[in-house]
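Reading through the structure tokens given below for one structure.
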Amino acid sequence: MHWTARFAVALAVAAGGLAAGCQSSPTGSDDVWIAGSDTMLPLTMRLAEAYMSLHPGVAVRVEGGGTGAGVEALLSGSVDLCAASRPFRPQEIQALYERFGTMGIRYLVARDALVVLVHPDNPVRGLTPEQLGAVFSGGIEDWSELGAPPGRIEVIIRPPSSGTHHFFRDHVLLNADYAPGSVIGIRSRDVEDRIRSRPLAIGFGGMVQGEGLVRLEIDGVPATAETVRDGSYSLARYLYFYATEPPSGDPAHFVEWCAGP
């Protein structure tokens, strides 16, 4: 998906940690090319639009596709920045080193949270981490086990190319497998749309997702900007930009600007 002026408001909390250096744009121009996380897409698009309004001569081009797709684009040299909703994995860092002789540069862009989503007709409003892990790994298969009317739970997940898929598996399932028969939503929007039409479904996404759906509390704590900032919401995480080396020119200026007020 290329940059478009239509987007949802991204509820992410700005963070610092950006720097600039001396690499020319891999695209051979002063434009800024970004690809990667679908979770970050609304935020990255807002940043792009705001930056271009201040710098009319610069084009900031944004694509989604998932963190994995962003890694591939960075490795191919076709983008300046990979938008990632998780840290790079060891094999990805190794691939960067083999391709460019560097281990990559990571910039903290924002602090976000994963939200767990259910249909408004579902009476469940919160789960413990243990219940959440059991639901998504298949240990709990019916809503009656969670105090709701009987009905088989339909688990909706993101594909393995998604950083959100890996973050949830690592931090909620503790590296266990997702429940057999889990339905994959290729895009964040697909997860939301399926839950809207399926009252027995449950899924997850970033804080920007879930309009019209119920975001479950985790251990009695809702996902808000305040609980993400103070660390009381357990599924908080950083969102990143990655580059092969410190960029220069407009890509560097864009990264610096993202760390500003």
Side-chain angles (χ1 to χ4, degrees), residues 1-8 10 12 14-89 92-110 112 159 161-164 186-189 206 208 238-260:
M1 177 187 298
H2 286 276
W3 182 87
T4 172
R6 297 189 176 189
F7 47 80
L18 306 177
C22 58
Q23 183 192 13
S24 61
S25 169
T27 64
S29 73
D30 285 334
D31 293 341
V32 185
W33 293 73
I34 307 168
S37 170
D38 280 335
T39 297
M40 290 180 66
L41 191 58
L43 171 62
T44 309
M45 289 161 62
R46 291 197 70 192
L47 292 171
E49 183 186 61
Y51 186 84
M52 288 189 292
S53 70
L54 297 172
H55 304 84
V58 180
V60 182
R61 295 178 168 85
V62 179
E63 297 180 4
T67 298
V71 174
E72 292 179 4
L74 191 66
L75 287 170
S76 72
S78 60
V79 298
D80 301 295
L81 301 169
C82 166
S85 58
R86 58 165 173 82
F88 273 21
R89 297 189 171 276
E92 294 167 339
I93 295 174
Q94 180 180 353
L96 275 174
Y97 186 80
E98 291 174 352
R99 172 71 173 80
F100 298 103
T102 75
M103 299 179 68
I105 305 295
R106 184 176 74 181
Y107 305 109
L108 303 183
V109 179
D112 186 33
S161 61
S162 161
T164 300
I186 299 300
R187 302 168 299 174
S188 299
R189 184 189 310 166
V208 68
Y238 279 107
L239 304 176
Y240 310 95
F241 285 151
Y242 276 87
T244 55
E245 295 180 4
S248 64
D250 282 308
H253 297 156
F254 175 76
V255 169
E256 289 178 326
W257 177 84
C258 288

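Because only heavy atoms are used, hydrogens play no part in the values below, and waters and symmetry mates are left out as well, while side chains stay in. None of the values given here were measured: they were computed from a predicted structure.
For the atom pair CE of Met103 and OH of Tyr97, the computed distance is 8.5 Å after rounding to the nearest 0.5 Å. Separating the CE atom in Met45 from the CD1 atom in Ile34 is a distance of 11.5 Å, to the nearest 0.5 Å. Going from atom CG of Asp112 over to atom CG of Leu239 covers 4.5 Å, rounded to the nearest 0.5 Å. Rounded to the nearest 0.5 angstrom, Glu245 CD and Leu96 CG are separated by 10.0 Å. Annotation: the span from Tyr242 atom OH to Ile93 atom CD1 amounts to 6.0 Å, rounded to 0.5 Å. Rounding to the nearest 0.5 Å places OH of Tyr240 at 9.5 Å from OG of Ser85.
In plain terms, the two heavy atoms of Pro247 and Tyr107 that are nearest each other are CD-OH, 3.0 Å. Minimum heavy-atom separation, Ser76 to Ser78: OG-OG, 2.9 Å. Taking both residues in full, the closest heavy atoms of Ala243 and Leu81 are given as CB-CD2, 4.0 Å, listed atom of the first, atom of the second, then distance. Taking all atoms of both residues into account, the shortest heavy-atom contact from Val208 to Thr39 is CG1-O, 4.1 Å. Taking all atoms of both residues into account, the shortest heavy-atom contact from Cys258 to Phe241 is SG-CE1, 4.1 Å. Between Gly65 and Ser161, the shortest heavy-atom distance links the atoms O-OG, 4.4 Å.
The aromatic rings of His55 and Tyr51 sit parallel, their planes meeting at an angle under 30°, below the 60° perpendicular limit.
Proximity of a side-chain donor or acceptor of Asp250 to a complementary backbone N or O of Asp31 within less than 3.5 Å is not detected. The backbone N or O of Ala83 sits nowhere less than 3.5 Å from a side-chain atom of Ser37 that would complete a donor-acceptor pair.
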message = Let's go through Phe254 and Val58 carefully: what are the C-alpha distance in whole Å and the side-chain angles of both, what is the deciding distance for side-chain contact (heavy atoms from CB on, under 4.5 Å) to 0.1 Å, and is it a yes or a no?
response = CA-CA 10 Å; Phe254 175 76; Val58 180; over 6 Å; no
